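Below, read A as the first sequence line, B as the second, and so on, with proteins coming before strands; counting in each chain starts at 1. Everything quoted here is computed from the prediction, not taken from an experiment.
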There are 4 protein chains.
Amino acid sequence: MSVVLKPNISKKEETAVLREIKKLGYKPHVIRGVERTVVGAIGDERTHQTLESLATWPQVESVMPVQKRYKLISREGHPANSAIDVRGVVIGGKKLQVMAGPCSVESETQLLKTAHAVRAAGATILRGGAYKPRTSPYEFQGLGQKGLKLLAKARAETGLAIITELLSETQAQLVAEYADILQIGARNAQNFQLLIAAARTGKPILLKRGLSMKMEEWLLAGEYVLANGNPNLMFCERGIRTFETYTRNTLDLSTIPIIKKESHCPIVIDPSQGAGRADLVAAMCKGAVAMGADALLIEVHPTPAEAWSDGAQQVSLEVFQRLMEELKPFIAAAGRE
Amino acid sequence: MSVVLKPNISKKEETAVLREIKKLGYKPHVIRGVERTVVGAIGDERTHQTLESLATWPQVESVMPVQKRYKLISREGHPANSAIDVRGVVIGGKKLQVMAGPCSVESETQLLKTAHAVRAAGATILRGGAYKPRTSPYEFQGLGQKGLKLLAKARAETGLAIITELLSETQAQLVAEYADILQIGARNAQNFQLLIAAARTGKPILLKRGLSMKMEEWLLAGEYVLANGNPNLMFCERGIRTFETYTRNTLDLSTIPIIKKESHCPIVIDPSQGAGRADLVAAMCKGAVAMGADALLIEVHPTPAEAWSDGAQQVSLEVFQRLMEELKPFIAAAGRE
Amino acid sequence: MSVVLKPNISKKEETAVLREIKKLGYKPHVIRGVERTVVGAIGDERTHQTLESLATWPQVESVMPVQKRYKLISREGHPANSAIDVRGVVIGGKKLQVMAGPCSVESETQLLKTAHAVRAAGATILRGGAYKPRTSPYEFQGLGQKGLKLLAKARAETGLAIITELLSETQAQLVAEYADILQIGARNAQNFQLLIAAARTGKPILLKRGLSMKMEEWLLAGEYVLANGNPNLMFCERGIRTFETYTRNTLDLSTIPIIKKESHCPIVIDPSQGAGRADLVAAMCKGAVAMGADALLIEVHPTPAEAWSDGAQQVSLEVFQRLMEELKPFIAAAGRE
Amino acid sequence: MSVVLKPNISKKEETAVLREIKKLGYKPHVIRGVERTVVGAIGDERTHQTLESLATWPQVESVMPVQKRYKLISREGHPANSAIDVRGVVIGGKKLQVMAGPCSVESETQLLKTAHAVRAAGATILRGGAYKPRTSPYEFQGLGQKGLKLLAKARAETGLAIITELLSETQAQLVAEYADILQIGARNAQNFQLLIAAARTGKPILLKRGLSMKMEEWLLAGEYVLANGNPNLMFCERGIRTFETYTRNTLDLSTIPIIKKESHCPIVIDPSQGAGRADLVAAMCKGAVAMGADALLIEVHPTPAEAWSDGAQQVSLEVFQRLMEELKPFIAAAGRE
C-alpha cells in the first residue's frame with residue numbers, strides 16, 4: 001500500500017500514522033517528496049487487513065493498493081492458457097466454439113428444431129434457459145425441471161453439449177445433473193453464495209460479467225470459483241450498462257485482450273445480450289472472433305417475434321446459418337479453426 | 001404498446017405487423033403521422049406477451065411500452081403511505097428513524113460498545129453484518145451465526161431492533177430468527193430467488209438499490225416481495241455506480257421524491273455506502289432528511305481505521321453523536337420528529 | 001509518482017526504469033515489498049513531464065500520481081472561502097442566493113413578467129438564455145443580442161443582476177457588456193478556449209459541470225479561469241449522465257461538501273437541469289440548501305408547457321413562489337439567511 | 001409524439017391536453033387502452049415546437065417522440081454510402097484507410113521520423129496535434145502554428161494527407177489553410193459554434209464522439225455540419241466514459257454497424273484514445289476492421305515513454321509496423337483492400 005499524507009501535518013500526526021501501519025501488520029517506509037510525503041507500507045495485502053481505512057484519518061490524503069488481489073485466476077502464476085473440455089468440445093483451444101440456442105426453453109418442438117438447425121450450421125453447444133431471472137414477477141419464469149429434461153433430450157438427439165443458467169443455490173445439484181456447463185448470469189455475478197455452490201458441483205462454470213462490474217471485480221468473482229476447488233471457469237462478456245440507450249447494453253470487446261492478459265481462463269462473447277438487438281449480432285460476432293474470443297454465445301429462435309423472452313435480441317435459424325458462413329474468413333484470419 | 005413503423009414500407013408489410021399484433025393478443029389501432037405510422041396496440045401489457053420482439057422485424061422501427069409494469073408497489077393503486085412497525089419503531093411515519101452500527105459484527109465488545117453509544121445518541125435500530133458479501137474470497141466474510149447471536153444480545157441489552165443482511169436463500173430461516181429487518185444488499189438486488197425466500201419469512205425487508213439499477217427495475221424487484229405475500233418493504237438508496245472516482249458511489253438523493261411519487265413504501269438513505277467516505281456522511285444525512293427520507297442507515301465503528309471491513313466509510317462514535325445533534329434543526333424543518 | 005514494477009523482472013529491466021525516471025527529471029526511490037517493488041519518483045508532478053507514459057514499458061505494471069494537479073483553485077493554498085460580489089449580491093457569503101428565470105429569453109412580456117415575479121418571491125439574480133446550445137440544429141437557438149438587450153431592460157426595471165450563457169469565444173466581449181455573470185454550460189465545460197476568453201473579460205464566471213466530468217477535471221477546468229487572471233469563479237452542479245432514464249440527469253449533491261473541501265470557490269446547484277423534471281425541483285432545492293449550497297439556479301417560466309426550450313423542467317411562477325416559502329425553514333436550519 | 005395520460009383523470013383535464021396539443025400545432029388522435037389513454041399527436045416534430053413540455057402537466061404521465069430528429073445525415077434520405085476524397089485518399093470506399101502519427105507534434109525530427117515510418121508501413125494520412133486540449137492548464141498545449149507548419153512540411157516530404165485538431169472558432173481559417181481534414185475532439189463534440197465554424201471552411205470534418213454522447217446526439221452534432229453546407233463528414237468513435245477504470249475509456253465498437261445503419265457517412269475508429277493503453281491497440285484494430293470500419297486513427301510515437309502528451313496510449317514505430325502486417329488477413333476477410 002502507498003499511504004499519501006496531507007501536507008503541513010505535525011510530526012506527531014505523522015508518527016501516529018506510522019504506528020498504526022505497524023499495528024496493522026505492515027512495515028512503513030517513508031518517502032519525502034516535493035509536495036507530499038508518501039509512506040510505503042510493506043506487507044502482503046491479501047493476508048493482512050487493508051490499510052484503506054486509514055483514509056478516515058484527518059492527516060491522510062489517500063491510500064493506494066499496489067498489489068493485485070486475485071491469485072489463482074491470474075496469468076502471473078499460471079502463464080499457459082487453460083482449456084476446458086466439455087464432452088470433447090474444447091473451449092480455450094485452437095477451435096472457436098459456438099454455443100447457440102433459444103433464450104428460454106419453451107417447448108420440445110421449439111428446442112429440438114433449434115438444436116438441429118444450430119448443429120447443422122456448426123454450433124457445438126446448445127444454450128437454453130430453464131430457469132429465467134426476470135425483471136418483473138409477472139414475466140415468464142422458465143419451464144424449470146421440465147426445461148432441463150428437454151435440454152437433455154436435445155443433447156441425446158443431437159450430441160450437442162448443454163449450457164443452462166443456474167439461478168439458485170438450492171438447485172445447484174439438480175441443474176448440474178442435466179447441464180454440461182453452468183451459466184451464472186449477470187445479475188448473479190456477485191452472488192458469492194451461488195458461485196460457491198456452483199463451483200462445488202464440479203461442473204464447468206461460465207461466469208457472465210455483471211452489469212456494472214469492473215474488471216477487477218469480475219476477476220475476483222472468478223477467483224471465488226477457483227478458490228472453491230473448481231478450475232474450469234470461463235468468463236463471458238455480455239455488455240455493460242452505460243448511458244447509451246440505442247443499444248440495451250454496451251458490449252465491451254476490450255475484455256477479450258484484457259482477460260487474456262490478466263488471466264489464463266477462456267473468454268466467451270455474448271453478442272445477443274451485448275447489444276440487445278438482433279440486427280447487430282453479426283457485426284459483433286465478427287469483431288469478437290477477430291479479437292481472439294474463444295467462443296460465442298448466440299441466442300437463436302425459430303420465430304423471434306413470438307419468443308417468450310427477449311425476442312428482440314434473438315436471430316432466426318436462417319440468419320444464424322448465414323452468420324456462421326460469414327464468420328469463416330474471420331476465424332481463419334484469427335488463426336482459429 | 002406503441003409500434004412505430006418504418007417509412008416507405010409496403011401495404012403487405014404493414015398488414016403483416018397488424019396480423020402479428022392481433023396474434024399476440026392486442027388490438028391494433030393505426031395512426032398515420034406526417035413522417036411515421038404508429039400502431040397503438042391495445043391490451044394489458046402485463047398479462048399479454050410483450051410486443052417488443054416485433055423490433056426484430058425489418059419494417060418496424062421501434063416498440064414503446066406505455067403501461068407501468070409494477071402494480072402492488074405502486075402508489076397508483078395504494079395512495080396512502082405505508083408504514084412499517086418494527087418492535088414499536090415505525091418506519092414511514094412522522095418520526096425519522098436512524099439505523100446505526102458497524103459494517104461487520106466483529107466482537108462482543110465492539111458491538112455492545114457501539115450499540116450503547118448509538119442508542120444514547122438517538123438511534124432506534126442497530127445495524128451490523130454477520131454474513132458479509134466480499135468482493136474477494138480472501139477478505140473477512142463475517143462471523144456468521146456467532147454474529148447473529150451477538151446482535152440478539154445487543155438487542156436484549158439495549159432494546160434496539162436489529163437489521164442485518166441476508167446473503168443466502170438457505171439461511172433465510174436462520175437469519176429471520178434473529179433479525180427484525182432483513183437487508184438485501186446491492187449485489188443481490190436482482191437475486192430474485194433470494195428476494196422470494198426473504199419475503200416468505202414474513203419479516204420486514206430493506207431492499208438496497210443495485211449498483212446500476214434503474215428506478216423501474218428497483219420498483220419491480222420490490223414488486224417481487226409484495227407479490228410473494230410480504231407487504232413490509234422499504235427501499236434503500238445506497239449510491240449508484242457512475243464514472244466518478246472521487247466517491248466510491250454516487251448517492252442519488254432524487255430517489256427520495258421519486259420513490260414517494262411512484263410507490264407507497266418508505267425510503268431509507270445509506271450515506272455510508274453512498275459516498276464511501278466518512279467525511280461526507282454528515283452532509284449527505286442533512287440532504288436526505290431535508291428531502292423527506294423516512295430513515296437513515298449509518299455505519300458507526302469505535303475505531304474505524306481498524307475495522308475489519310469498509311473502514312473508510314464508517315464514522316466514529318463521537319462523530320455520530322455530533323451528527324445526530326446537527327440533524328435536529330433539519331428534522332424539524334422537514335416537519336419530522 | 002509511484003511506479004509499480006512487475007514481479008520477476010530482471011535487474012537490467014529495473015535499472016532501465018530508474019534511468020528513465022531520472023532522465024524525465026525525478027529522483028527515484030526504491031521500496032521492495034512482499035510481492036511488488038514500487039519506485040517512488042520524487043519531483044514536482046506539475047512542472048515535470050508526467051511519468052504515466054512509463055506504463056507502456058513491459059516491466060512496468062502501473063504508475064500512480066500522488067500530487068494534486070490543481071493549485072489556485074485549491075483550498076490547500078487558500079483556506080478561507082471566496083465570496084463573489086455581483087452588484088451587491090454576494091455569492092459564497094452568509095446569504096443563500098437564488099438565481100431564477102426562464103431557460104430561454106423568448107419575448108419582453110415573458111421575461112419581464114418572470115423577472116418581476118421571481119424578484120417578488122425573493123430571487124436576487126435573473127437567469128435567461130440569449131444564446132442557446134441545442135442538440136439539434138433545427139431547434140430554437142436563442143434570440144441572440146436581442147435577448148441580451150431584453151435582459152438588460154429587465155435588470156433596469158427590477159434591479160436584479162443578470163446571468164446568461166456564453167457559447168462562443170467570438171461573443172465574449174459582447175455578452176460581457178450585458179451580463180453580470182457569464183455562464184459556461186455543461187457541453188462547454190472543457191472548451192478551454194472559451195474558458196480562457198470568458199476569464200479574460202473579468203466578469204464572474206459560473207462553470208457548470210460537464211455531463212461526465214470527474215471532480216478533478218472540473219476543478220482543473222476552474223483552474224483555467226483562475227490561471228487566466230480571474231478569481232471570481234463559482235462551480236455549478238447540474239446533474240451528471242448516468243444509466244438512469246427516469247430523470248434526465250442524476251443530480252450529484254455530494255459535490256457540495258466535496259467542492260467545499262477541495263476548493264475555496266462557491267458552489268451553486270441547478271435542480272432544473274439536474275433532474276430535468278419540474279416535479280422534482282422543490283425536493284432537490286431543499287436537499288441542496290441543507291447540504292450547504294451557496295446559491296440555487298432555477299428555471300421559471302410563466303407557461304412551462306409552451307416554453308420554446310426545456311419546458312419539462314421549468315416551474316411556473318406560482319410553484320416558484322411556493323418553493324421559496326418552503327425553503328425558509330431549511331435556510332434557517334443551515335444557518336444561512 | 002405519443003402523449004400518455006395518467007389514469008383516472010377527468011374529462012376536463014383530458015380536454016385541456018387535447019386543446020394544448022392543437023394550440024402547439026399538432027392534430028390529436030385519442031387511443032383508449034386497457035389501463036392508459038394515449039394521444040397520438042400528428043405533425044412534423046422537427047418543425048413544430050416539441051410537446052415534451054406537456055410532461056409538466058399533472059394529468060400527463062409521459063411524452064414520447066416517434067420521429068427521428070436528424071435528416072441530412074440519415075441513411076433514410078440518402079441510401080448510398082458517402083465517400084470522402086482527401087487528396088486522392090478515399091475514406092468510405094473499398095480501401096481501409098489508416099491515419100497515424102503522434103498525439104502532439106513535438107519537433108521536426110519527431111514528426112518527420114514518424115511520418116516516414118507510418119507511410120512505409122502503409123498509412124495514408126498523417127495525424128498530429130498542433131493545438132492540444134489539455135485537462136490541466138499546466139500541461140503542454142501544443143506548438144500552435146509552428147506545429148501546423150511542421151505538418152505541412154511532413155506532407156510535402158511524404159505525400160501523406162494531414163489531419164489535425166481544431167480547438168477554437170477563431171483559428172478555423174488558419175488551421176484549414178494547413179490541414180486536409182479538421183478533427184473535432186471529444187470535448188468539443190457539442191461545441192456547436194465550433195462545428196459551424198469548421199463546417200464553413202469547406203474542409204472534410206472528422207467528428208469524434210463525446211465522452212458521454214448518445215448515438216442520437218452524435219448524429220445530430222453531425223447534422224450541424226451538413227446543415228451548414230458541408231457534406232464531407234466522418235464520425236470517429238474514440239471510447240466512451242463508463243464506470244470501468246482498467247481502461248481509460250470503453251471503446252464502443254457497436255458504433256460501426258449503428259452508424260452504417262443510421263447514416264451514410266463513414267465511420268473511423270480511434271483505438272488509442274479508445275482504450276488509453278498501447279497494449280490493447282492491436283486487438284482493437286482487428287475488431288474494428290472485422291466489423292467494417294472505414295478507417296483507423298492510431299497514435300504512433302518514436303519513443304512513447306517520452307511523449308509530451310498521452311504517452312501511455314501511443315505505440316512505437318516498430319509496434320505500428322507489425323500491427324499493419326497483422327491487420328492484412330482481417331482486411332481481406334472484411335472484403336476491403
Side-chain angles (χ1 to χ4, degrees), chain C residues 20 23-24 46-47 49-58 63 69-71 133-141 167-171 187-194 210-213 216-217 220-221 223-224 227-228 240-241 277-279 304-308 310-316, chain D residues 20 23-24 46-47 49-58 63 69-71 133-141 167-171 187-194 210-213 216-217 220-221 223-224 227-228 240-241 277-279 304-308 310-316:
Chain C
E20 187 74 15
K23 186 173 169 192
L24 293 168
R46 275 197 303 268
T47 54
Q49 198 173 3
T50 177
L51 289 175
E52 288 181 304
S53 307
L54 273 175
T56 54
W57 286 25
V63 180
R69 294 163 74 192
Y70 40 91
K71 193 165 181 166
R134 302 307 301 276
T135 302
S136 162
Y138 307 121
E139 293 166 330
F140 173 59
Q141 310 273 324
L167 273 193
S168 163
E169 291 169 71
T170 64
Q171 293 159 341
R187 282 168 185 75
N188 280 316
Q190 286 189 307
N191 177 350
F192 304 116
Q193 269 53 42
L194 185 67
L211 278 77
S212 60
M213 215 174 188
E216 189 191 42
E217 293 169 333
L220 282 165
E223 187 85 8
Y224 266 93
N228 281 280
I240 54 173
R241 183 158 278 184
R277 295 175 61 121
D279 59 350
E306 294 170 17
W308 297 3
D310 286 350
Q313 68 198 32
Q314 304 196 52
V315 298
S316 66
Chain D
E20 188 74 15
K23 185 171 171 193
L24 292 168
R46 275 196 305 266
T47 53
Q49 201 174 1
T50 176
L51 290 175
E52 288 181 302
S53 308
L54 273 176
T56 55
W57 285 25
V63 180
R69 295 164 72 194
Y70 39 91
K71 192 165 181 167
R134 302 307 300 275
T135 302
S136 162
Y138 307 121
E139 292 167 331
F140 173 59
Q141 310 272 323
L167 274 191
S168 164
E169 290 169 71
T170 64
Q171 292 158 345
R187 282 167 185 76
N188 281 316
Q190 287 188 307
N191 176 351
F192 304 116
Q193 269 53 41
L194 186 65
L211 278 78
S212 58
M213 214 173 190
E216 188 191 43
E217 293 169 332
L220 282 166
E223 188 84 8
Y224 266 94
N228 281 279
I240 54 173
R241 183 157 277 183
R277 297 174 61 122
D279 59 350
E306 294 170 16
W308 297 4
D310 286 349
Q313 69 199 32
Q314 304 195 51
V315 298
S316 66

List for me each residue that meets ring-ring contact (aromatic ring centres under 6.0 Å, His included) alongside C:Y70, sequence neighbours excluded, and say none if there are none.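 If we apply the ring-ring contact (aromatic ring centres under 6.0 Å, His included) test to C:Y70, skipping adjacent residues, there are no hits.
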
Give the member of [options] that has the highest number of heavy-atom pairs under 4.5 Å with chain D.
{"options": "C:Y138, C:Y224, C:F192", "value": "C:Y224"}
{"options": "C:P133, C:A278, C:A55, C:G210", "value": "C:P133"}
{"options": "C:L51, C:N228, C:V315, C:N191", "value": "C:N191"}
{"options": "C:A227, C:A307, C:A305", "value": "C:A305"}
{"options": "C:Q141, C:Q313, C:K71", "value": "C:Q141"}
{"options": "C:A221, C:S168, C:P58", "value": "C:S168"}

Below 4.5 Å, heavy-atom pairs only: which of [options] has the largest tally toward chain C?
{"options": "D:T56, D:D310, D:T170", "result": "D:T56"}
{"options": "D:E139, D:M213, D:R134", "result": "D:R134"}
{"options": "D:L211, D:V63, D:L167", "result": "D:L167"}
{"options": "D:R277, D:Q193, D:E169, D:Q171", "result": "D:E169"}

Against chain C, label D:N188 side chain, backbone, both or neither, depending on which of its atoms sit under 4.5 Å from a heavy atom there.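 Side chain of D:N188 only, per the 4.5 Å heavy-atom cut-off to chain C.
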
Identify which part of D:R69 has an atom lying under 4.5 Å from any heavy atom of chain C, answering side chain, backbone, both or neither. both

So which heavy atom on [X] is nearest to which on [Y], and how close?
{"X": "D:E52", "Y": "C:A312", "result": "O-CB, 3.8 Å"}
{"X": "D:P304", "Y": "C:S53", "result": "O-CB, 3.5 Å"}
{"X": "D:E306", "Y": "C:E20", "result": "OE2-OE2, 2.6 Å"}

Quick one: which of C:E223, C:E217, C:E216 gives a side chain to side chain contact (heavy atoms under 4.5 Å, CB included) with D:T135? C:E217

Tell me if a side-chain donor or acceptor on D:R187 pairs with a main-chain N or O of C:Q190 at a distance below 3.5 Å. no

Return the set of residues passing side chain to side chain donor-acceptor pair (under 3.5 Å) with C:S316 (not counting sequence neighbours), or none when no residue passes.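 Residues passing side chain to side chain donor-acceptor pair (under 3.5 Å) with C:S316: C:E318.
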
